[in-house]
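Atoms considered below: every heavy atom in the structure, side chains included; atoms not considered: hydrogens, waters and symmetry mates. In what follows, chains carry the letters A, B, and so on, assigned in the order in which the sequence lines appear, proteins first and then strands, with residues in each chain numbered from 1.
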Amino acid sequence: SYLTLCQVFDQLQSTKSRNCHLNILTNFLHILMKHDPDSLIPVAYMSTNTIGPPYLKSDLGVGSNIISKALNRCFGVSSTRLKELYAQHGDIGDVAYASFRQPASIFKRSPLSITKVYQTLLRISETQGSGSQNAKLDYILNLVSNAKHDEIRYLFRSFVLNLRTGAMTNTILTALARASILFLHLEAEFEPAENALKECYFRRPSFTDIIPLLVDFGPFSLTDNCPLALHVPLKPMLGANTKDVSQMLSLLKNHEASFTCEYKYDGQRAQIHLDAQGNVSIFSRNLDNMTAKYPDIISEILKAKSPSTESFIVEGEIVAYDGSDINTFQVLSSRKRANVSLDSITVGVSLFLFDIMYLNGSSLLNQPLRSRRDLLKGSLDVVPGKIELVQSIDATADDEDLVYEFFQESVKSKCEGIMVKVLDTVDVRMAGRAPLLATYEPNKRLESWMKVKKDYVLEADTLDVVPIGCWHGNGRKARWWSPILLAVYDPEEDKFVAVCKCMSGFTDAFYQELADKYAIGSDNISTQPISDQVYTPLQPSYYWKPQEVWEIKFGDITVSPLYTAGSALVDGTDRGLSIRFPRFIRKRADKGITDASTVDFLVDLYKKQ
DNA sequence: CCTGCCTGCCC
DNA sequence: ATTCTGC
DNA sequence: GCAGAATGGGCAGGCAGG
């Protein structure tokens, strides 16, 4: 029953030990395999805050608005009371649990089953069009009115797909593999079974496809039973972060590897499937189907493919491109997403390819990058300005100057930096050293792919900003202020002008310091603006007295529809500036608040980009 | 039909 | 996306 | 080092309400 599942969630939440999480889930899934196999797939999806595989539509369209209405209708919680409770708990499930009242209904309640809850979530997701908000609300009310008190917390958390149990996809996969070993009484160690299941899932991320095969035939036959498939996206391989070119090179020096360096374009990652009938699917980094967004890419792919190419899965970066220049990520974002037709395209794009994972019926995942790259080149013909290969050079760790120069060029060409990829698997003869794999490893972040991004490097520009306000944190940050509103200084007007919120880079110890310093009741904080020197278009829950300076790092300066900093100084627009990827670096105790970065400085940084 | 809020998803 | 935390 | 969690700017799409 759903109550049992909620008890499992409670147990998971009560400990942070990963071993405990695994034991709890392994036992539970084992029991389901024996007594309630129909609930396995729903449990796998719900436990991982999803309702289906990522490449199918899987959002609920339920947010704070509908939740607020539901809490009001179910338990009579007013919106003022909701705000209070939310500030206190920082979790919608905890708020619902605290608000629970036995419904006065004379109708007999029927206990919730796992499949009933899951089916209802699916129906909520399918509900759309005029009146859909009320229809979704009705589904929610139906579940809530039949729920026991202990089910309320996780029901509401599932409505917003944020369970916060501490166990997600990797834990579920591990536990599923272990449970299948126990269930099938296989004479096998857990670890190879876990690896077999994960390998399968990462190249075919569908519990719907995998779980029935796992339960019937065990994890080891998945390699044959559940192979890479066209129009089912695999999880992309990821790159490890490095600090700068020299740190990256010193990592590779240990292995004496030869590698390729590629421009890291600032666009959207795309995985493109072509089948023998000429059907093309395009998937995003998170495996959303975005085929409808790029009819121009589809038509160019069909033109570019070599006569000998029947089918493939290739990967690249789609970049906004106006025929001669690469445009910013922000320009790409403004492109239409649904029902795009070839004659209605307003933002031109170019595709820069860098990998191929499947060709003419065969998986290439186990081929080294050097071979894959050759096959990629042979599988299609470049169409200049439409479909090209990423800009790249091959190098070894001795070529520091060459690589550094290439990195600088990439930044000048409006890229984020470079990707560095090992071309051939390094034969490991030295004991204790992990192999450096040149194969395509879905979902893995290995040292055989490394990122060097311009904003990671030490010389990257930073801003000195003044904190001017905050909100209540959620979840694990519920006891602290998060995010925090930051401002730059406008000396002309003698004002601190909001420029972005920030929630990254703070340690727990620093959060505690802030909680003490900006405690409610102190002179440092108020629900009303404390200082007439503060200007913000965005109203924080609490205003802070401007009194300290923090250094922050960022990816880019963006033109903002919301923030007004520098608005008079940005050409051709009345919009201000803001910050992409802001994160806290350190306090600047040596600076007074009027020594903070000025609006002019921000505008200069923007113009320099 | 238009506007503004909400939501999900790209980075 | 970035970053921190516990295991 | 893995796995999970919190949440940044900013966009289109979609719904509600005038």
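- The closest side-chain donor-acceptor pair between Gln268(A) and Lys293(A) falls under 3.5 angstrom.
- Cation-pi geometry between Lys477(A) and Phe506(A) is not satisfied (NZ or CZ under 6.0 Å from the ring centre, within 45° of the ring normal).
- Within 4.0 Å (heavy atoms only), Ser68(A) reaches no atom of the nucleic acid at all.
- Counting any heavy atom pair closer than 4.0 Å across all strands shown, Tyr563(A) reaches sugar-phosphate atoms only and no base atom.
- Ile579(A) comes within contact range of the sugar-phosphate backbone alone, with a heavy-atom separation under 4.0 Å but no base atom that close.
- Among residues two or more places apart in sequence or in another chain, the side-chain contact (heavy atoms from CB on, under 4.5 Å) test is passed with Thr462(A) by Glu551(A), Lys553(A).
- Judged as a salt bridge (Lys or Arg N to Asp or Glu O under 4.0 Å), the pairs with a partner in residues 326-354 of chain A (not counting sequence neighbours) are, in order, Asp296(A)-Arg335(A).
- The salt bridge (Lys or Arg N to Asp or Glu O under 4.0 Å) contacts involving residues 499-517 of chain A comprise Arg476(A)-Asp508(A), Glu513(A)-Lys587(A), Lys517(A)-Glu548(A), where partners must be two or more places apart or lie in separate chains.
- Counting any heavy atom pair closer than 4.0 Å across all strands shown, Gly555(A) reaches no nucleic acid atom.
- In terms of the side-chain contact (heavy atoms from CB on, under 4.5 Å) criterion, residue partners of Asp94(A) (sequence neighbours excluded) are, by chain and number, His89(A), Asp91(A), Arg153(A), Arg157(A).
- Ring centroid separation for the pair Trp449(A) and Tyr440(A) comes in under the 6.0 Å cut-off.
- Toward the 5' end of DNA chain D, the nearer of the two residues Asn134(A) and Leu538(A), judged by each one's closest nucleotide, is Leu538(A).
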Give the B/S/- string for nucleotides 2-11 of chain B, one per nucleotide from 5' to 3', where a protein heavy atom under 4.0 Å of the base yields B, of only the sugar-phosphate yields S, and otherwise -. ----SSBSBB

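- Across all strands shown, Lys444(A) has no heavy atoms under 4.0 Å from either base or sugar-phosphate atoms.
- Using a 4.0 Å heavy-atom distance criterion, Asn19(A) is classed as making no nucleic acid contact.
- Between the side chains of Ser341(A) and Ser344(A), at least one donor-acceptor pair of N or O atoms lies under 3.5 Å.
- Between Ser482(A) and Val559(A), the residue whose closest nucleotide on DNA chain D is further toward the 5' end is Ser482(A).
- Here the C1' atom of nucleotide dG6(C) and the CG atom of Asp508(A) are 11 Å apart, to the nearest Å.
- In this structure, Arg476(A) reaches the sugar-phosphate backbone alone: every heavy-atom distance under 4.0 Å involves primed, P, OP1 or OP2 atoms, never a base.
- A donor atom on one side chain and an acceptor atom on the other are not found under 3.5 Å apart for Tyr456(A) and Gln247(A).
- Contacts of Tyr456(A) with the nucleic acid, taken as non-hydrogen atoms under 4.0 Å apart, involve only primed sugar atoms and P, OP1 or OP2.
- Per the geometry, NZ belonging to Lys243(A) stands 13 Å off P belonging to dT3(C), to the nearest Å.
- Nucleotides of DNA chain D lying under 4.0 Å from heavy atoms of chain A occupy a range whose first and last members, 5' to 3', are dG1(D) to dA16(D).
- Among the heavy atoms of the strands lying under 4.0 Å from Lys198(A) are primed sugar atoms or P, OP1, OP2 only; no base atom is included.
- Going from the C1' atom of dA1(C) to that of dG8(B) covers 15 Å, rounded to whole Å.
- Using a 4.0 Å heavy-atom distance criterion, Phe584(A) is classed as making no nucleic acid contact.
- Between Arg580(A) and Asp266(A) a salt bridge is recorded (basic side-chain N to carboxylate O distance below 4.0 Å).
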